[in-house]
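Just below is one structure, and these are the notes that go with it.
Letters go in sequence order (proteins before strands), and every chain restarts at 1.
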There are 2 protein chains.
Amino acid sequence: MPLSREKIAATAIRLADADGLDGLSLRKIAKELGVGPMRLYDYVMNKSELLDLMVDVVYARIAEVGQRGGWRATVLGIAQATRDAALDHEWFADLLGGRPHLGPHALAVGEATAAALSAAPGVRDIDDLQRAVGALNAFIIGAVRKEVTERRTARSTGTDEAAFQASLGPYLTRMLKTGRYPTVARLVIDGAHLNAEETFNHNLTTILDGITRRSPT
Amino acid sequence: MPLSREKIAATAIRLADADGLDGLSLRKIAKELGVGPMRLYDYVMNKSELLDLMVDVVYARIAEVGQRGGWRATVLGIAQATRDAALDHEWFADLLGGRPHLGPHALAVGEATAAALSAAPGVRDIDDLQRAVGALNAFIIGAVRKEVTERRTARSTGTDEAAFQASLGPYLTRMLKTGRYPTVARLVIDGAHLNAEETFNHNLTTILDGITRRSPT
DNA sequence: GCCCGCTACCGTACGGTGTATCCACAGATA
DNA sequence: TATCTGTGGATACACCGTACGGTAGCGGGC
């Protein structure tokens with residue numbers, strides 16, 4: 001079975017899922033495929049091109065959700081699929097927003113969201129659409145990144161409060177006890193129970209409401 | 001003149017501004033300071049701790065904006081300062097949202113935004129506040145990242161349309177000419193003239209409107 | 001006064017990375 | 001059969017983060 005861009009991307013994704021983006025190296029991918037490291041350069045010109053390839057594979061999965069009933073359902077579907085994909089492939093969140101995503105499937109996702117948003121009330125011309133797409137994508141990127149990093153730190157420290165206080169505590173609790181950050185302290189102490197998915201959807205609808213309810217120029 | 005965390009962070013920031021985050025290495029920092037690479041480990045335990053240090057220095061500048069007239073002016077000030085900082089230090093955008101920002105100045109910024117938002121109409125309890133802070137930060141992170149990556153690609157390809165078509169063109173224009181991405185094509189062709197700062201502020205107010213105008217539970 | 005132990009500094013070395021270059025070998029062609 | 005071509009692989013380079021061992025200075029116990 002000869003090598004191919006698809007096979008390379010697939011094993012790279014598997015390794016990145018397991019070891020994270022830092023643990024991913026061309027040598028490991030090549031070893032996993034049973035070839036020398038330099039063979040990969042016959043299919044990919046850079047490591048970053050390989051990363052682009054991986055990203056577009058994930059976008060392919062996101063693009064599968066396709067069109068839903070209305071523009072709002074479509075946008076919600078794409079956003080949730082993006083979040084799901086990032087939770088499955090945390091390295092995807094690391095790459096999100098870091099470089100232009102121009103693969104065919106990424107463009108398909110972009111087209112689907114833009115087309116859906118162009119049908120939203122309050123989006124009248126191209127400038128409105130540009131802004132709406134920008135706002136939505138910015139929120140998705142930021143929210144997904146934040147959730148992934150929070151999950152990472154929660155995993156490394158342990159979820160329960162005791163372990164949390166013990167690991168981040170020595171520094172963070174000392175900081176919070178200075179009294180200089182009362183609101184943050186309240187958020188950390190009282191606000192940990194919120195469901196992540198609900199919060200994501202809630203804020204997403206907030207954004208969409210803000211876009212559609214825009215006051216007339 | 002002895003070494004110090006501040007001096008190390010300052011030269012690291014200078015180098016990162018010049019060469020980007022990929023071009024930053026402990027060896028270069030040490031050479032710039034006229035010491036051996038291992039000297040840095042007397043002041044910093046990791047490279048990532050050094051990155052945290054650099055990030056917090058930038059947050060110090062952001063924290064300087066302080067409180068403004070009302071909650072909305074304060075939030076706008078912080079968001080704009082964050083954007084300005086990221087445009088001055090593009091590596092800051094790369095780090096944004098990638099790891100928990102727990103430095104004292106980052107906490108100060110978080111406290112200021114949370115305190116401001118807690119005074120916003122429509123934010124009634126801690127859960128509301130948590131969601132509002134999450135939405136706002138997500139947008140800021142995503143928007144700043146997107147703007148920085150766009151600026152980078154614009155810089156590498158050249159701003160004028162001819163150079164753009166020539167560099168990204170061979171692939172992107174071919175893609176757009178397939179007709180599969182009509183909305184994206186319209187955005188790329190017609191929508192390039194928008195002012196970045198205006199767009200940022202516009203979307204920011206959109207988000208804030210969405211937060212405050214939240215319909216009652 | 002002398003020696004010991006301790007601390008603060010420093011250079012070297014290791015295992016890893018992405019990638020350029022050279023080399024051997026197989027197959028096809030003259 | 002001899003040469004050419006092109007493909008797969010190994011080696012090599014520059015660089016990275018960082019573990020480790022040594023060395024010099026200095027304060028304290030006898």
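Considering only side-chain N and O atoms, Arg39(A) lies under 4.0 angstrom from the phosphate OP1 or OP2 of dG9(D). The side chain of Asn46(A) places no N or O atom within less than 4.0 Å of a non-bridging phosphate oxygen (OP1 or OP2) of dG18(C).
To the nearest angstrom, P of dG18(C) lies 15 Å from CD of Glu49(A). Taking atom CE of Met38(A) as the reference point, atom P of dA24(C) lies 19 Å away to the nearest angstrom. In this structure, Leu40(A) places its CG atom 15 Å from C1' of dA10(D), rounding to the nearest Å. If you take CG of Leu26(A) and P of dC15(D), they are 19 Å apart, rounded to a whole angstrom. Following rounding to the nearest Å, Leu3(A) (CG) and dT7(D) (C1') show an atom-to-atom distance of 13 Å. Following rounding to the nearest Å, Tyr41(B) (OH) and dG21(D) (P) show an atom-to-atom distance of 17 Å. Between Leu15(A) atom CG and dT17(C) atom C1' there is a gap of 15 Å when expressed in whole angstrom units. One atom, OH of Tyr43(B), and another, C1' of dC9(C), lie 9 Å apart when rounded to the nearest Å.
Comparing dG18(C), dT18(D), dC16(D) by their nearest atom to the side chain of Pro37(B) picks out dT18(D).
Put simply, CG on Asp127(B) and CD on Glu198(A) are 10.0 Å apart, with the number rounded to the nearest 0.5 Å.
Glu90(A) pairs with exactly one of Arg83(A), Arg145(A), Arg152(A) by the salt bridge (Lys or Arg N to Asp or Glu O under 4.0 Å) rule, that one being Arg152(A).
Ring-plane geometry between His101(A) and Phe92(A) is classed as parallel, the angle between the planes falling under 30 degrees on a 0 to 90 degree scale with a further cut at 60.
Salt bridge Glu150(A)/Lys146(A): present, at least one basic N to carboxylate O contact under 4.0 Å.
Side-chain to base pairing of Arg27(A) with dG16(C): no donor and acceptor N or O lie closer than 3.5 Å to each other.
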